[in-house]
Amino acid sequence: MNQAAKIENRKRYGRRSFVKKLLFAVASLLVPRFLAASDKLKEAPVWILAGAYNPNEHYWGMGIDISKCIGCGRCVEACKVENQVPRDPFFFRTWVERYRIMEGGEVAVDSPNGAIKSFGNDREEKDIVRSFFVPKLCNHCDTPPCVQVCPVGATFKSPDGVILVDAEYCIGCRYCIQACPYGARFLHPETRTAEKCTFCYHRISKGLAPACVEACPTQARVFGELRKKASPLQRFLRMNKVGILKPSLNTEPKVYYADLDMEVN
Amino acid sequence: MESVVEHLLPRLKEITGFIYPNEIELHWSILVVVYPYITGLVAGAFILASLVKVFKVKEVQPTYRLSLLTALAFLLVAPLPLLAHLGHPEKSFEIFLTPNKQSAMAMFGFVYAWYLMAVLLLEIWFDYRRDIILWAQEETGPRKWLHKVLSLFSSDISERAVRFDRKAVQAVTIIGIPSAFLLHGYVGFIFGSVKANPWWSSVLMPIVFLFSAIVSGIALVLLIYMIATPMRSKQIDMDCLDKLAGFLFYAMIVDFSLETLDFIHRIYESEESIEILSELVSGKLFVSLVVIQLLIGMIVPLVAIALVKLFRTPAELRRLLYFVSALLVQVGIFSTRWNVVIGGQLFSKSLRGLTAYKMSIVGVEGLLVSIAILVLPFLILLALFKILPPWKEARHEFGPPTGSG
Amino acid sequence: MDVFELLKRIRLFWSRIPEQVQRLSLLAVFFIVLFIPVRNLLVPKDFGKYGHYRPSALEEAAAQEITYAGHEACYECHDDVVDTKYHGYHKTVACETCHGPAAAHTEDPDVELPAPRERGYCPLCHEYLASRPTGFPQIVSASHNPLKPCIACHNPHDPVPPHTPAECEACHAAIARTKAVSHHVYVPCVRCHETPEEHKVSPRQHRPSKPATREFCAACHAEGATTELETRKVDLATHGERYTCWQCHYPHLPGSR
């Protein structure tokens, strides 16, 4: 074989050309899949759950009027009953905090047993400068850090904006609990999977309000659509000056507070 | 369930200030302390090995294969603490099959598989291949077959093939250094990227993790070398030891500077978390952070090695100081991991109170399991010493075979 | 290019690879080939259809059992009570807030719902707490008819005071407690608040007056006023410039700020 033929041969059968061809072959297998994937994104998914509920037609949020909350803890009780949350004082999907800003700047915060049995008087009243209750729950963030960190896709944002946990799929690594800035998640002691507020997904998908909203005697909690004009939540957002918790973390909560004090975090 | 609750009830009394009601249970226990400690040792030991191959540091050649095997033994154990800590270990395969590409933790599957398969095993295989084939030729019985399988039944030990092996080792090491950085840097990222936790959330976290990993890895290989050599009734190579201690010293200087930078940065910026964090550091973390991590684990060994370097000291004393320093460094680095993992969970994300951690002794997430997990790599290492002896005399020199050297 | 030539090329290419790489690549191919069926077997079929999650999880969340029937469910049978409640102060309080979850009861009326009759229940909302919003009706249960069940005097479905209380503090406990420790302890409420008689029946429609001018306070606190010597007096012309008194002094606890 002469030199030219050798080079020619190497060009045709050589390692380099083979690798090149291999890459093209693999790429050609993948390209149609990418195209198909982008097609899938364009068409609006039609996805109807049992009970004719289309998650793509809704976008849920909650408003909480702090000046209406009386700290009775009925929401905490209702949530525990409705969702079979363990009764022990370490597991809450919603709870109520009491803030008492004292003379001299001390801020006394408490939430005995999540306030399921309301609160007691344990501070000298004349030292209190201002005081109020703050109901807490999962903020159903629009950019949820818990979903970002879940290694397997067991917690996710559903099309209606609700953050859910797939208990079947959750491996119990608890990274989501670490990533939640609001302490809204816990590990269920029996299932050993992460748990949190679902906005009572089983209720809202059937046209009912979440249990805490249902049980609130003063209508301090308002639940509704964020993307529809005729919604009690839209009215709440129009009528009040609202705040969100820990805005600096850029989690974009969908639970809005009217009359939020600067000490709340 | 009862056990969980009973376990938590006394905790209620130890809370100071206000914590969110769900925060009473501390979620990442001692097992999650053990995990970054072990991966740190892996990354550190590997980087030490690459000093020989890439940077041609001749003095530490005796520890080259030792470091590789140490890295392998610890890497094999690294997933165990994670697995034991999961609520559902039986579902852990999901992390490999449907990894969430945004999750730092999901990258574990890729990083681990890459590091184990593409780096460590490859490098060891290429480096040992010629020896394995020669051992298999000399041996009989099950050992012969073990080595045959390990060599993947390859038999080519021509000079050309061996030269290819050497080139491959070189290439794998070069890929391996960034991979080792990736392995431990990503563990640091798991913590450093949690914006909800001001104690963790820091860009420096992966880098601090990395350098503390190098420190702990070098110290570990130094310890193993100092224990294994006399046990084989061989002479410790003092040049090698001095060099190792030197690298340990410089890595500790960098680690110390980074940690100091992090500390100063936090105090200078004084963000809203500073009050609760200083309460934490001066209270519940004082012993493990200031006394153990900083004083015993960092300053004492630094001073000891510096003294050895400054003054001419007899070999006997040098060996003693190196050994004690390396031991203290291990305690210090374990404490570092503890202070990151446990310390980061001792304060409430409301920044208004502190909670407590009581380590259980028995139970899956307890002390005994952690000790077992930390002992296991040494047993694996012993087995590896038997199968793939890293010692110089086991090596077949080139030229006519002259028996063991 | 026919199949035969392709095979020949592959064989030629294979023979050029160093032996050790041949072995390793066989091993790698083995693992990759093994991975594909394992993945197909273990990953749920619908995973990733709408996003990186299992869509059936949504169905499962929606399928959870409902225990609270919702405030509209009660009307069907208990329209009389619901109507009474609707016109009273408890109109925003859902039946289930006090009677508990009623979904089982709506399916089968034999499932009885509890009615909290004990004295401890109503104070969950109505016990005086400093943090409760001003104007929300609160009592101090220790001194409010001790030991008597709430429902002996109050109808929970239409809660009005059984007889109009003579004392303001029955409803305005928060203010009364503050005033009790202040210098104004002996100043009756009505000296400053003109209170129409109707306020006792419909408090929100007929509100008591509030003082509006500096001169009102000056009647007692200006220099030259005829009150006792102990009452602090100030020169109205120089004190506090144009501010009204209660911008600095809280009238129910005048010493405080």
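Model, not experiment: these values are computed from the prediction. Every chain is numbered from 1 and lettered A, B, ... according to where its sequence line falls, protein lines coming before strand lines.
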Identify which of A:Gly73, A:Cys69, A:Ala78, A:Ser67 forms the greatest number of heavy-atom pairs closer than 4.5 Å to chain C. A:Ala78
Taken in chain and number order and not counting sequence neighbours, the residues that satisfy side-chain hydrogen bond (donor to acceptor under 3.5 Å, both in side chains) with C:His71 are A:Glu214
CZ of C:Phe35: more than 12 outside heavy atoms within 6.0 angstrom? yes
Given side chains that start at C-beta, do those of A:Val81 and C:Tyr68 come closer than 4.5 Å, heavy atoms only? yes
For chain A, which residues from residues 59-67 of chain C have at least one heavy atom closer than 4.5 Å to it? C:Glu59, C:Glu60, C:Ala61, C:Ala62, C:Gln64, C:Glu65, C:Ile66, C:Thr67
Taking every heavy-atom pair that is under 4.5 Å apart, which of C:Ala94, C:Ser56, C:Pro55 has the most such pairs with chain A? C:Pro55
So which of A:Phe119, A:Phe133, A:Phe132 has the largest heavy-atom pair count under 4.5 angstrom toward chain C? A:Phe133
Under 3.5 Å, which donor-acceptor pairs link side chains of residues 150-159 of chain A to any protein atom two or more places apart or in another chain?
from     : atom 1 : to       : atom 2 : distance (Å)
A:Thr155 : OG1    : A:Leu164 : O      : 2.8
A:Thr155 : OG1    : A:Arg185 : NH2    : 2.7
A:Lys157 : NZ     : A:Tyr59  : OH     : 3.4
A:Lys157 : NZ     : A:Asp142 : O      : 3.0
A:Lys157 : NZ     : A:Asp142 : OD1    : 3.2
A:Ser158 : OG     : A:Asp160 : OD1    : 2.2
A:Ser158 : OG     : A:Val162 : O      : 3.3

Which portion of A:Cys75 sits near chain C, non-hydrogen atoms under 4.5 angstrom: neither
Which residues in residues 113-133 of chain C have a heavy atom less than 4.5 Å from any heavy atom of chain A? C:Tyr121, C:Leu124, C:Cys125, C:Tyr128, C:Leu129, C:Ala130, C:Ser131, C:Arg132, C:Pro133
If I measure from the heavy atoms of chain C, does A:Leu208 come under 4.5 Å with its side chain, its backbone, both, or neither? side chain
Would you mind checking which part of C:Ala69 comes under 4.5 Å of any heavy atom in chain A, side chain (CB onward), backbone (N, CA, C, O), both or neither? backbone
Return the option, out of A:Val147, A:Ile66, A:Val213, A:Asn121, with the maximum number of heavy-atom pairs under 4.5 Å with chain C. A:Asn121
Spacing of CZ belonging to A:Arg74 relative to CD belonging to C:Glu96, to within rounding of 0.5 Å: 13.5 Å
Provide the closest heavy-atom pair for A:Pro217 versus C:Thr92 in the form atom of the first, atom of the second, distance. O-OG1, 2.6 Å
Based on non-hydrogen pairs under 4.5 Å, which of A:Asn83, A:Thr218, A:Thr198, A:Ile204 is most in contact with chain C? A:Asn83
